[in-house]
*Asks:* 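Sharing a structure below in structure tokens format, with a few things to ask.
Letters A, B, ... are given to chains in the order of the sequence lines, protein chains preceding strands, and every chain is numbered from 1.
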Number of protein chains: 2
Amino acid sequence: MCPQTERLERLITEESGECCATDVAERLDSLRSYRPETPAGPDADLTALRTLGNDTRYTIVRLLTAAGRELCVCEINPVVDVSDSAISHALSDLHDAGLVTRRKDGTWRYYETTDRAAAILTALDETRRTDR
Amino acid sequence: MCPQTERLERLITEESGECCATDVAERLDSLRSYRPETPAGPDADLTALRTLGNDTRYTIVRLLTAAGRELCVCEINPVVDVSDSAISHALSDLHDAGLVTRRKDGTWRYYETTDRAAAILTALDETRRTDR
DNA sequence: TGACTATTTGAACAGTCTTTCATATAGTGT
DNA sequence: ACACTATATGAAAGACTGTTCAAATAGTCA
């Protein structure tokens with residue numbers, strides 16, 4: 001038996017006074033059942049979190065959200081302090097992650113936040129400064 | 001005048017038929033007002049997003065949330081497929097980011113999700129598969 | 001078609017993360 | 001004090017990311 005389940009066995013013994021092999025197996029099954037079978041949801045979540053967890057991209061999404069309307073790339077450029085190229089890359093990543101939508105109008109490109117991005121920002125806003 | 005505001009000037013001209021220097025300045029002021037003065041909130045948000053946007057840490061938080069109770073480190077180890085050390089690092093990072101709480105009992109350490117972590121996961125769950 | 005615009009794309013470098021191994025800390029029981 | 005446990009910490013190596021520059025695409029207007 002691997003050392004990790006030995007530790008778990010000792011924990012269960014402390015908890016309930018006794019512990020047989022079945023108890024360990026049951027606890028392990030119970031814990032493992034919390035892990036998702038298919039990683040599709042988690043993968044999408046991780047992409048969203050990683051994408052939003054970058055200063056430039058986060059700032060752009062905050063800007064779009066605060067504006068409350070779609071913004072043209074040329075409205076974002078003068079406000080965010082990186083190159084046009086970096087902003088284009090950022091918008092592209094955000095779009096791939098499902099956090100903004102894109103609309104073309106001639107040579108202009110307009111971007112707007114999705115509900116998903118808004119929901120994440122709301123969750124953050126409502127729980128800031130809470131240490132519990 | 002920098003090329004970025006020239007582009008903005010052309011956009012405003014297209015929108016409203018005309019555009020003077022004041023119009024550009026006003027639009028810029030309006031856009032810039034969306035940026036936060038102090039980066040304290042954003043910094044905390046970025047830390048939370050970056051911390052949760054990693055497979056190991058995300059999996060641990062999902063596990064804690066699904067369990068609905070605090071878990072001992074030795075209950076997490078056998079379920080998550082990285083070294084004990086990596087899990088300890090992950091839990092430490094999550095704690096620093098305000099996403100889990102820690103409780104000591106003898107040599108055992110128990111971790112539990114915070115409201116902040118739960119809120120983010122809920123936001124993700126409620127907006128998955130929405131492409132708008 | 002050709003000149004000009006707004007935006008995107010690709011390559012490359014610097015910097016940051018994530019993991020592991022080895023070691024350290026702290027708690028318990030003898 | 002000692003042996004033994006559970007967990008944490010530090011350093012280091014490889015993988016990954018984010019930015020910039022240079023060049024490409026696509027739309028507009030003459």
*Asks:* Write down the distance between CZ (A/Arg7) and P (C/dT28), rounded to a whole number of angstrom.
*Replies:*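 Answer to the nearest Å: 17 Å.
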*Asks:* Are B/Leu8 and A/Glu75 side-chain neighbours, meaning at least one heavy-atom pair lies under 4.5 Å?
*Replies:*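 Yes - at least one pair of side-chain heavy atoms lies under 4.5 Å apart.
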*Asks:* I need the CG-P distance between A/Asp93 and D/dC16, as an integer number of Å.
*Replies:*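 After rounding, the gap between these two atoms is 16 Å.
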*Asks:* Looking only at side-chain atoms of B/Ser88, point me to the closest of C/dC17, D/dT7, C/dT8.
*Replies:*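 Of the candidates, D/dT7 comes closest.
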*Asks:* Nearest whole Å is fine: how far is D/dA6 P from A/Glu9 CD?
*Replies:*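 That distance rounds to 11 Å.
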*Asks:* Taking CG from B/Leu49 and P from D/dG18, how many angstroms apart are they, rounded to a whole number?
*Replies:*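 So the two atoms are 13 Å apart, to the nearest Å.
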*Asks:* For C/dT8 and A/Tyr111 - does any side-chain N or O of the residue sit under 4.0 Å from the phosphate oxygens OP1/OP2?
*Replies:*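 Result: yes.
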*Asks:* How many whole angstroms separate atom CD1 of B/Ile60 from atom C1' of C/dT18?
*Replies:*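 My rounded result for the distance is 13 Å.
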*Asks:* Return the stacking result for C/dT9 and A/His89: yes when the ring centres lie under 5.5 Å apart and the planes under 30°, no otherwise.
*Replies:*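 Aromatic stack with C/dT9 present for A/His89.
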*Asks:* Counting just side-chain N and O atoms, does B/Arg10 come under 4.0 Å of either OP1 or OP2 of C/dA6?
*Replies:*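 So the side-chain polar atoms of B/Arg10 do come within 4.0 Å of the phosphate oxygens OP1 or OP2 of C/dA6, strictly under.
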*Asks:* I'd like to know if A/Arg116 and A/Asp45 make a salt bridge, using a cut-off of under 4.0 Å between side-chain N and carboxylate O.
*Replies:*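 A salt bridge is present here (some side-chain N lies under 4.0 Å from a carboxylate O).
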*Asks:* Examine C/dA6: is either OP1 or OP2 under 4.0 Å from a nitrogen or oxygen in the side chain of A/Thr107? Give yes or no.
*Replies:*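 For C/dA6, OP1/OP2 do not have a side-chain N/O of A/Thr107 under 4.0 Å.
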*Asks:* Can you find a donor-acceptor N/O pair under 3.5 angstrom joining the side chain of A/Ser92 to the base of C/dT9?
*Replies:*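 It does not, because no donor-acceptor pair links the side chain of A/Ser92 to the base of C/dT9 below 3.5 Å.
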*Asks:* Looking at A/Asp93 and A/Arg50, is there a salt bridge between them, counting it only when a charged N and a carboxylate O are closer than 4.0 Å?
*Replies:*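 So A/Arg50 does not pair with A/Asp93 through a salt bridge.
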*Asks:* Between C/dT7, C/dC17, C/dT9, which one does the side chain of A/Ser85 approach most closely?
*Replies:*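 Nearest listed nucleotide: C/dT9.
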*Asks:* Reading DNA chain D from 5' onward, which residue's closest nucleotide shows up sooner: B/Ala86 or A/Asp55?
*Replies:*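 The residue closer to the strand's 5' end, by nearest nucleotide, is B/Ala86.
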*Asks:* Which of the following nucleotides, C/dT7, D/dT7, C/dT20, is nearest to the side chain of A/Val73?
*Replies:*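 From the listed options, C/dT7 comes nearest.
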*Asks:* Answer whether the closest heavy-atom distance between the side chains of B/Arg7 and A/Asp84 falls below 4.5 Å.
*Replies:*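 Counting from C-beta outward, B/Arg7 and A/Asp84 do come under 4.5 Å.
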*Asks:* Quick one: B/Tyr110 OH to D/dT7 P, roughly how many Å, whole number?
*Replies:*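 About 9 Å, once rounded to whole Å.
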*Asks:* Nearest-Å distance, CG (A/Asn77) to P (C/dT7)?
*Replies:*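 Interatomic distance, CG of A/Asn77 to P of C/dT7: 7 Å.
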*Asks:* Of the nucleotides C/dT8, D/dC21, C/dT20, which one has an atom closest to the side chain of B/Ser83?
*Replies:*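 The answer is C/dT20.
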*Asks:* Look only at the side chain of B/Thr65 and the backbone of B/Val61, and say whether a donor-acceptor pair between them is shorter than 3.5 Å.
*Replies:*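 Yes, because the side chain of B/Thr65 sits within donor-acceptor range (under 3.5 Å) of the backbone of B/Val61.
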*Asks:* Spell out, as yes or no, whether a donor-acceptor pair under 3.5 Å connects the side chain of A/Ser92 to the backbone of A/Ser88.
*Replies:*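 Not confirmed, A/Ser92 side chain does not pair with A/Ser88 backbone.
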*Asks:* Respond yes when some side-chain nitrogen or oxygen of B/Thr56 is under 4.0 Å from OP1 or OP2 of C/dT18, and no when none is.
*Replies:*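 Checking B/Thr56 against C/dT18: no side-chain N or O falls below 4.0 Å of OP1 or OP2.
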*Asks:* Rounding to an integer number of Å, can you tell me how far B/Asn54 CG sits from D/dT17 C1'?
*Replies:*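 Whole-Å distance recorded here is 14 Å.
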*Asks:* Using a cut-off of strictly less than 4.0 Å, decide whether A/Arg57 has a side-chain nitrogen or oxygen near OP1 or OP2 of D/dG18.
*Replies:*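 Yes, such a contact exists.
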*Asks:* More 5' along DNA chain D: A/Asp105 or B/Arg109, using each one's nearest nucleotide?
*Replies:*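 Result: B/Arg109.
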